[in-house]
Amino acid sequence: QVQLVESGGGLVQPGGSLRLSCAASGSIFSITDMGWYRQAPGKQRDEVARISSVRSTNYADSVKGRFTISRDNAKKMVYLQMNSLKPEDTAVYYCYARANTARNMRFYDYWGQGTQVTVSS
């Protein structure tokens with residue numbers, strides 16, 4: 001019913017930048033929070049950044065000042081601008097959206113398939 005597709009991952013050198021995008025589609029009635037998590041090999045999935053429908057934002061301490069989350073409500077998209085990337089940012093990045101549908105007004109968290117970000121020289 002709701003699909004999320006990420007794009008923009010890849011290989012970048014330390015200090016470089018990447019911009020991740022995530023598009024939500026399907027029978028969406030409304031979306032509240034959108035955001036990004038990441039999971040490095042052998043580690044748990046951790047929240048990176050979150051943005052509400054009124055664009056209030058929260059960031060993990062490890063990315064504050066380097067990453068910026070934004071969204072386009074009309075396009076149902078969320079973005080993550082990542083600057084000054086470090087090797088420890090290497091992970092699979094997943095976007096999520098808390099949404100409901102016209103068929104079921106209860107809100108659920110929906111997830112994308114993930115996009116690999118590798119920071120290495």
Side-chain angles (χ1 to χ4, degrees):
Q1 288 182 323
V2 178
Q3 298 82 39
L4 277 74
V5 178
E6 303 100 335
S7 61
L11 173 64
V12 64
Q13 292 186 342
S17 298
L18 281 176
R19 188 189 193 216
L20 304 183
S21 300
C22 175
S25 63
S27 305
I28 297 170
F29 184 78
S30 64
I31 301 175
T32 57
D33 288 355
M34 302 184 81
W36 296 89
Y37 276 66
R38 67 185 180 186
Q39 187 168 22
K43 296 188 177 181
Q44 66 182 21
R45 189 179 296 190
D46 292 325
E47 185 175 50
V48 175
R50 174 168 19 106
I51 184 167
S52 72
S53 58
V54 296
R55 296 181 173 82
S56 174
T57 59
N58 283 281
Y59 295 93
D61 288 342
S62 59
V63 307
K64 283 181 181 177
R66 300 188 297 123
F67 291 11
T68 302
I69 190 170
S70 60
R71 65 189 283 175
D72 185 327
N73 289 335
K75 295 182 178 179
K76 298 184 178 64
M77 294 194 69
V78 62
Y79 308 96
L80 187 67
Q81 178 65 43
M82 305 186 293
N83 299 328
S84 302
L85 282 161
K86 304 175 181 180
E88 51 263 44
D89 295 317
T90 296
V92 178
Y93 284 70
Y94 299 89
C95 75
Y96 79 92
R98 182 160 295 167
N100 62 359
T101 64
R103 193 170 185 177
N104 183 352
M105 297 301 288
R106 181 176 178 179
F107 283 89
Y108 292 93
D109 287 343
Y110 296 91
W111 293 86
Q113 292 298 307
T115 185
Q116 177 70 46
V117 171
T118 302
V119 185
S120 174
S121 55

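We're numbering straight along the sequence, starting at 1.
Under the 4.5 Å side-chain heavy-atom criterion for grouping Ile, Leu, Val, Met, Phe, Trp and Tyr, Val48 is not connected to Tyr94 through any hydrophobic cluster. Under the 4.5 Å side-chain heavy-atom criterion for grouping Ile, Leu, Val, Met, Phe, Trp and Tyr, Val63 is connected to Trp36 within one hydrophobic cluster. Residues Leu18 and Ile51 are members of one and the same hydrophobic cluster, defined by side-chain heavy-atom contacts under 4.5 angstrom among Ile, Leu, Val, Met, Phe, Trp and Tyr. One hydrophobic cluster holds both Leu4 and Val78 under the rule that ILVMFWY side chains link at heavy-atom gaps under 4.5 Å.
Annotation: Arg55, atom CZ; neighbour count of heavy atoms from other residues, nucleotides and ligands within 6.0 Å is above 12.
At least one donor-acceptor pair closer than 3.5 Å links the side chain of Glu6 to the backbone N or O of Gln113. With hydrogens and angles disregarded, no donor-acceptor distance shorter than 3.5 Å links the side chain of Gln81 to the backbone of Thr68. Side chain of Arg71 to main chain of Ser52: a donor-acceptor pair is present (N/O by atom type, distance under 3.5 Å, no hydrogens or angles).
Rounded to the nearest 0.5 angstrom, Ile69 CD1 and Tyr59 OH are separated by 6.5 Å. For the atom pair SG (Cys22) and CE (Met34), the distance works out to 5.5 Å, reported to the nearest 0.5 Å. Once rounded to the nearest 0.5 Å, the distance linking OG1 of Thr101 with OH of Tyr110 reads 5.5 Å. One finds the OG1 atom of Thr118 at 10.5 Å from the CG atom of Leu85 (value rounded to the nearest 0.5 Å). With rounding to the nearest 0.5 Å, the separation of OG in Ser25 from CD in Gln3 is 4.5 Å. Taking CG from Asp33 and OG from Ser53, the interatomic distance works out to 7.5 Å, rounded to the nearest 0.5 Å.
Under the 6.0 Å cut-off for aromatic ring centres, Tyr96 and Tyr37 qualify, their centroids lying closer than that.
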Legend entry - side chain to side chain contact (heavy atoms under 4.5 Å, CB included) evaluation trace for Val117 with Leu20: CA-CA 9 Å; Val117 171; Leu20 304 183; 4.1 Å; yes
Inset, instruction - List the steps, then state whether side chain to side chain contact (heavy atoms under 4.5 Å, CB included) holds for Gln116 with Thr90. - result: CA-CA 8 Å; Gln116 177 70 46; Thr90 296; 4.0 Å; yes
Inset, instruction - Please step through side chain to side chain contact (heavy atoms under 4.5 Å, CB included) for the pair Asp72 and Tyr79, ending with a clear verdict. - result: CA-CA 8 Å; Asp72 185 327; Tyr79 308 96; 4.2 Å; yes
Inset, instruction - Determine, stepwise, if the pair Leu11 / Ser120 fulfils side chain to side chain contact (heavy atoms under 4.5 Å, CB included). - result: CA-CA 7 Å; Leu11 173 64; Ser120 174; 4.2 Å; yes
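Using a 4.5 Å heavy-atom cutoff, the side chains of Tyr108 and Gln1 are not in contact. Residues Asn73 and Ile31 are not in side-chain contact: their nearest non-hydrogen atoms beyond the backbone lie 4.5 Å or more apart. In this structure, Val12 and Ser17 have side chains that are not in contact, with every pair of non-hydrogen atoms separated by 4.5 Å or more.
By the salt bridge (Lys or Arg N to Asp or Glu O under 4.0 Å) test, Asp89 pairs with Arg38, Arg66, sequence neighbours left out.
Under the 30°/60° scheme for interplanar angles, the aromatic rings of Tyr93 and Phe67 are found to be tilted.
Contact between Arg45 and Gln39 at its shortest, heavy atoms only, is NE-OE1, 3.7 Å.
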